[in-house]
**Q** 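Pasting a structure here, questions to come.
Quantities reported herein were computed from a predicted structural model and do not represent experimental measurements. In this chain, residues are counted from 1 in sequence order.
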Amino acid sequence: MGIAGHTDHLLSRIARWTTLSAVVLAPWLFGASEAWACLFVCFLVGAGAVIWLFRLCASQKPEIAEPSVTFVFVVFLMFVVFQILPLPGPVATVLSPYSVRIQHGAAELLSRLQLVNTAGTTQLENKSTSLSVSPPATGMALTVLLACAAVFIVLLNTVHRWRNVEHCCYVLVVSGFLLAAIGIAHKLSGSDAIFWFYYPRYGGTSMGPFSNRNHFAAYMNICLGVSVGIFMAIWRRREREGMPESWRERLIWFSTENASRLVLIAFAILVMAVAVALSLSRGALLALLVAVFVALAGGVRSGKTAAIVACLA
């Protein structure tokens, strides 16, 4: 590998791990629900995206994985940007009359309460207005959507090998396991404070770092999906290698690296499932049950058994 190839590999690796660190830190920073936490996570994602773009520009053969998917993301983001652009009154009325009516009603109410001075302005119907009822809120949502799109695009273009997939999955599994363990301890302690010291501004049913137990359970289900996926991948690898026939060789096999990973991931899956159950989130429990049936349907080899499990799901 030449100097250019080594630099390209190094930049790709830095971009991948910078973006992945933002994904891992987001739930720990109180679910990134606070403005400062959300901006910090978006800053990390932006740094990873900038490094990836620099690597793309510096590469001798710049390539974008799945350009059609990237194009769809860009079109959707442009559509959101269009929602906050000031448009002439008649144009906005044609495109979204209900939104314009709400904004005009709010402006008239604020004017009557003398909270907004509308003296010297033309009629509200001729003023420039946006399609969004709340442009600042839409702008904040656009920032989050842009960060999500950047995470997807950067990882799509920097995770090329199965080894990269494994490393990313292991980081998410370890983070999910620690999050589940803290969530269980927090639930059993009966504390209303996040991490036993931080009280959410608007209250809530906090569990772990989340102020909403449903959000905690939803994130646990995501981590469970990643954990089950990497577990099944390692198990398939064991099937290809073959299981020793004698009991002595099987016991020795449990001391191998793959067997140790299987045991640790299985334990992490158990802890995450217990955390979801303790959250008492009905939606998360139902989603977990359906996911178990789907995983069983995909794991069995008998077509008849798979069909039965799929029908149950």
**Q** Any chance CZ of Phe40 has more than 12 other-residue heavy atoms, nucleotides or ligands included, within less than 6.0 Å?
**A** no

**Q** Over all heavy atoms of both residues, which pair between Ala181 and Val271 is shortest? Give the atoms and the distance, please.
**A** N-CG1, 4.1 Å

**Q** Check Met272 against Val173 and note the closest heavy-atom contact, atom names and distance.
**A** CE-O, 3.5 Å

**Q** What class does the angle between the rings of Trp36 and Phe30 fall in, given that below 30° is parallel, 30 to 60° is tilted and above 60° is perpendicular?
**A** perpendicular

**Q** Look at the aromatic rings of Phe216 and Phe210 and report parallel, tilted or perpendicular, splitting at 30° and 60°.
**A** perpendicular

**Q** Starting from Val274, can I reach Leu178 by hopping between I/L/V/M/F/W/Y residues whose side chains sit under 4.5 Å apart?
**A** yes

**Q** A quick test of your reading: do over 12 heavy atoms of other residues, nucleotides or ligands sit less than 6.0 Å from OH of Tyr198?
**A** yes

**Q** Within the distance-only criterion (no hydrogens, no angle test), does the side chain of Thr19 pair as donor or acceptor with the backbone N or O of Val45 below 3.5 angstrom?
**A** no

**Q** Under the 3.5 angstrom rule, does the side chain of Arg16 hit a backbone N or O of Thr158 as a donor-acceptor pair?
**A** yes

**Q** At what distance, to the nearest 0.5 angstrom, does CG of Leu155 lie from CH2 of Trp17?
**A** 10.0 Å

**Q** Is Asn164 reaching over with its side chain to a backbone N or O of Arg161, donor-acceptor style, under 3.5 angstrom?
**A** yes

**Q** Between atom CG of Leu224 and atom CE of Met220, what is the distance when rounded to the nearest 0.5 Å?
**A** 7.5 Å

**Q** Starting at CG of Asp192, measure out to OG of Ser211 and round the result to the nearest 0.5 Å.
**A** 12.0 Å

**Q** Measuring from atom SG of Cys168 to atom CZ of Arg163, what distance do you get when rounded to the nearest 0.5 angstrom?
**A** 11.5 Å

**Q** Rounded to the nearest 0.5 Å, how far apart are CD1 of Ile265 and OG of Ser260?
**A** 10.5 Å

**Q** Minimum heavy-atom separation for Ala92 to Thr129, with atom names?
**A** CB-CG2, 3.4 Å

**Q** Might you point out which heavy atoms bring Ser132 and Ile84 nearest each other, and give the distance in Å?
**A** CB-CG2, 4.4 Å

**Q** Between CZ of Phe152 and CG of Asn157, what distance do you get to the nearest 0.5 Å?
**A** 9.5 Å

**Q** Over all heavy atoms of both residues, which pair between Ser227 and Ile230 is shortest? Give the atoms and the distance, please.
**A** O-CG2, 3.1 Å

**Q** Would you kindly say whether Thr18 and Trp52 are connected by a side-chain donor-acceptor distance under 3.5 Å?
**A** no

**Q** In the single-linkage hydrophobic clustering (I, L, V, M, F, W, Y; side-chain heavy atoms under 4.5 Å), do Ile64 and Phe71 co-cluster?
**A** no

**Q** Verify the neighbour count for atom CZ of Phe79: are there more than 12 heavy atoms of other residues, nucleotides or ligands below 6.0 Å?
**A** no

**Q** Parallel under 30°, tilted from 30 to 60°, perpendicular over 60°: which one fits the rings of Trp28 and Phe195?
**A** parallel

**Q** Judged by modelled atom types alone, do Ser189 and Trp196 share a side-chain donor-acceptor pair under 3.5 Å?
**A** yes

**Q** Minimum heavy-atom separation for Ser281 and Asn214, please, with both atom names.
**A** OG-OD1, 2.8 Å

